[in-house]
Amino acid sequence: MRIEWGKAHLHFRVRLINPTFERSTVASKRQNPKTIQNFHCKASSFESKKMSHSSATGRRKCRQKKEEEEEEPLGGGGDMEDLFSEKETQNIRMSLLDWYDENQRDLPWRKTRSSETEKETRAYEVWVSEIMLQQTRVQTVMEYYKRWMHKWPTIYDLTQASLEEVNEMWAGLGYYRRARFLLEGAKMVVAEKEGFPNKASSLMKVKGIGEYTAGAIASIAFNEAVPVVDGNVIRVLARLKAISANPKDRLTVKNFWKLAAQLVDPSRPGDFNQSLMELGATLCSVTKPSCSSCPISSQCRAYSLFQENRTLPVTEYPTKVVKSKPRLDFCCVCVLEILRHENNQSGGRFVLIKRPEEGLLAGLWEFPSVILDKEASLAARRKAINLYLKEAFHLEPKETCTIVSRKELGEFVHVFTHIRRKIYVELLVVQLTGGTIDLFKDEGKDTLTWKCVDNDVLSSMGLTSAVRKVYSMVEAHKQDLSVLSNRTTISRKRRIT
């Protein structure tokens, strides 16, 4: 997803994007029923006294045949031809649950609650943790989860928060739309005044909750026997069945859900789903699976094939999907510092831009920046920044401000999901001239798209990792200036003495 800003004729867009994240998940949104096309069948293939009845019957059989052709090869790859047998299902359930009871990790969102009120609290906890865990490592999520629950321990507490507060709490986790949907979804649930939805089908009506999250909440919090399928589950199932079909293919994903649904233990659905995900996250890892310690290795077809042929490792499953090469683009970021008093380079205020309330990185703060159409020289980058500052803030050297200093701080490459971005960073320190007080007249209003903040405020704000990296370059530069200034002062004193 991309959000483009700015004047069309300027050929740039103002934005910074947070980094890519590491946990692989499956986009598991419920698909609309596929429209089945009508196929004409030859009348000669059916014998009937009534032609209309014959035609209708033929069309039904052809539609049925078409559906069977789509459904039979589980996953569309021709190698998901069967479900688990009853014996396999029972063995996998028993083995996984026994292993999980003994080996589950102690995670802050894993709690047992029995009363209906506690179940709703549990549902909220599962919801928050599962959303955070998408594309993010467990170790990273744990501290974020604890801080979140300390501030908003119930869904009702969360509904009192502003989007800016939620974004600041989320800063660093990435994919900020998840945080916004959590807030909007919580408000939807509370507004309904019917309690927390306790069925997967009802949960999927809540904004931001897809099939995976709905399954996790319904099974873990409300004990509904529904499956979950994420990257970890797909890896386990693909190895259990030695499935070589493309795991990203729509039909393949659909049939992974069928396999997962067959395995769910009806008496302990939440624990079983967690055991399946736990196995994928720990023993059945991407590159170094611990098959000798796996509780279901005796059921694993990929492991069996490996024992027969050592040149076919378990890690061949699931099939590796070639990722598209990330697009390369270029961005120049201008950290604009406005001095309050002449010759005061330590007490300035920094200008931050607020992104729109909709779209990528909604409602987050960043430094003024310009996306370039191609790699550009220093002169071209500064020209683009100057044009933007003039358009956005009416800042023009010699007219509305005086440039105290302008320094290139360096560059770095930031890799996103589909973008490899080269970011150039500069620090522009200016002194406002008379008649520019209007620049600040709207500061503090709720409708602000920009604001000025002191260094202390900026240091404590929840910023994306890319923006934080830019600011760390500014801090390092100022530290170098301070050291240089101290050395100069000491040198002068020595010469005087």
Side-chain angles (χ1 to χ4, degrees), residues 3 5 14-19 21 128 132 136 140-141 143-152 157-158 160-180 182-183 331-340 345-370 389 392-393 409 412 414 416 421 423 425-430 439-440 442-479:
I3 299 297
W5 301 28
V14 180
R15 66 175 182 171
L16 273 182
I17 300 180
N18 62 290
F21 296 88
V128 173
M132 285 185 173
T136 315
T140 301
V141 167
E143 290 305 315
Y144 278 91
Y145 176 84
K146 291 176 183 177
R147 291 198 296 269
W148 181 287
M149 285 301 167
H150 178 74
K151 188 164 187 176
W152 302 302
D157 296 314
L158 177 58
Q160 303 305 309
S162 67
L163 178 59
E164 186 171 339
E165 287 178 308
V166 169
N167 282 334
E168 288 188 4
M169 179 67 72
W170 199 271
L173 278 177
Y175 294 103
Y176 291 84
R177 192 170 74 168
R178 296 180 297 167
R180 187 175 84 250
L182 254 178
L183 178 60
C331 173
C332 45
V333 178
C334 177
V335 180
L336 177 61
E337 184 179 7
I338 300 177
L339 299 184
R340 295 174 177 175
Q345 296 195 41
S346 60
R349 308 174 78 194
F350 295 93
V351 174
L352 294 176
I353 307 293
K354 188 177 185 181
R355 297 187 63 84
E357 297 298 341
E358 296 294 330
L360 191 66
L361 304 176
L364 296 175
W365 295 96
E366 61 188 14
F367 295 112
S369 57
V370 173
L389 294 178
F393 304 108
L409 301 185
F412 63 93
H414 217 66
F416 311 113
R421 172 161 295 168
I423 299 177
V425 183
E426 75 166 7
L427 173 62
L428 174 59
V429 183
V430 301
L439 187 70
F440 303 100
D442 291 327
E443 184 180 357
K445 292 184 179 179
D446 292 338
T447 57
L448 266 184
T449 57
W450 65 272
K451 66 181 177 181
C452 287
V453 298
D454 295 331
N455 181 70
D456 292 342
V457 174
L458 185 58
S459 299
S460 62
M461 287 182 65
L463 303 173
T464 68
S465 58
V467 177
R468 178 65 64 188
K469 191 168 185 177
V470 169
Y471 183 58
S472 68
M473 295 172 72
V474 173
E475 291 182 306
H477 172 67
K478 288 183 173 290
Q479 182 64 31

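Two residues are said to be in side-chain contact when any heavy atoms from C-beta on lie closer than 4.5 Å; Val453 and Leu352 meet this criterion. Here the side chains of Tyr176 and Val166 are not in contact, with every heavy-atom distance at 4.5 Å or above. For the pair Thr136/Tyr175, no side-chain contact is recorded, criterion being any heavy-atom separation below 4.5 Å from C-beta on. Inter-residue side-chain proximity for Ile353 and Thr449 is flagged as unmet; no heavy-atom pair is nearer than 4.5 Å. Residues Leu389 and Leu428 form a side-chain contact, since some pair of their non-hydrogen atoms from C-beta on lies under 4.5 Å apart. Between Val467 and Val333, every side-chain heavy-atom pair lies at or beyond the 4.5 Å cut-off.
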I would like to know whether Leu463 and Leu458 meet side-chain contact (heavy atoms from CB on, under 4.5 Å); could you show each step before the answer?
CA-CA 9 Å; Leu463 303 173; Leu458 185 58; 4.0 Å; yes
Output, in order, the C-alpha distance, side-chain angles, deciding distance and verdict of side-chain contact (heavy atoms from CB on, under 4.5 Å) for Leu173 and Arg178.
CA-CA 10 Å; Leu173 278 177; Arg178 296 180 297 167; 4.0 Å; yes
What's the verdict on salt bridge (Lys or Arg N to Asp or Glu O under 4.0 Å) for Glu475 and Lys478, showing C-alpha distance, side-chain angles and the deciding distance?
CA-CA 5 Å; Glu475 291 182 306; Lys478 288 183 173 290; over 6 Å; no
Residue pair Met132, Trp170: steps toward the side-chain contact (heavy atoms from CB on, under 4.5 Å) verdict:
CA-CA 9 Å; Met132 285 185 173; Trp170 199 271; 3.6 Å; yes
Using the side-chain contact (heavy atoms from CB on, under 4.5 Å) rule, take Leu163 and Arg180 through it: C-alpha gap first, then chi angles, then the decisive distance, then the call.
CA-CA 7 Å; Leu163 178 59; Arg180 187 175 84 250; 3.8 Å; yes
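Residue Leu183 holds its CG atom at 10.0 Å from CD of Gln160, rounded to the nearest 0.5 Å. Trp365 contributes atom CH2, which lies 4.5 Å from atom NZ of Lys451 (distance to the nearest 0.5 angstrom). Atom SG in Cys334 sits 8.0 Å away from atom CG in Leu427 (nearest 0.5 Å). One finds the CG atom of Leu336 at 12.0 Å from the CZ atom of Arg349 (value rounded to the nearest 0.5 Å). To the nearest 0.5 angstrom, Met461 atom CE is 12.5 Å from Phe350 atom CZ. Rounded to the nearest 0.5 Å, atoms CZ (Arg147) and CH2 (Trp152) are 11.0 Å apart.
Annotation: cation-pi geometry not satisfied between Arg468 and Tyr471 (NZ/CZ under 6.0 angstrom from ring centroid, within 45° of ring axis).
When every heavy atom of Ser162 is checked against every heavy atom of Glu165, the shortest pair comes out as N-OE1, 2.9 Å. Across all their heavy atoms, Cys331 and Arg421 have their closest contact at CB-CD, 3.7 Å. Contact detail for Lys469 and Ser472: the closest heavy-atom pair is O-OG, 2.6 Å. The two residues Phe393 and Val351 have their closest heavy-atom pair at CZ-CG1, 3.7 Å.
Looking only at distances, no side-chain donor or acceptor of Tyr144 sits under 3.5 Å from a matching main-chain atom of Met169.
Of the charged side-chain nitrogens involved, none lies within less than 4.0 Å of a carboxylate oxygen, so that Glu168 and Lys151 do not count as a salt-bridged pair.
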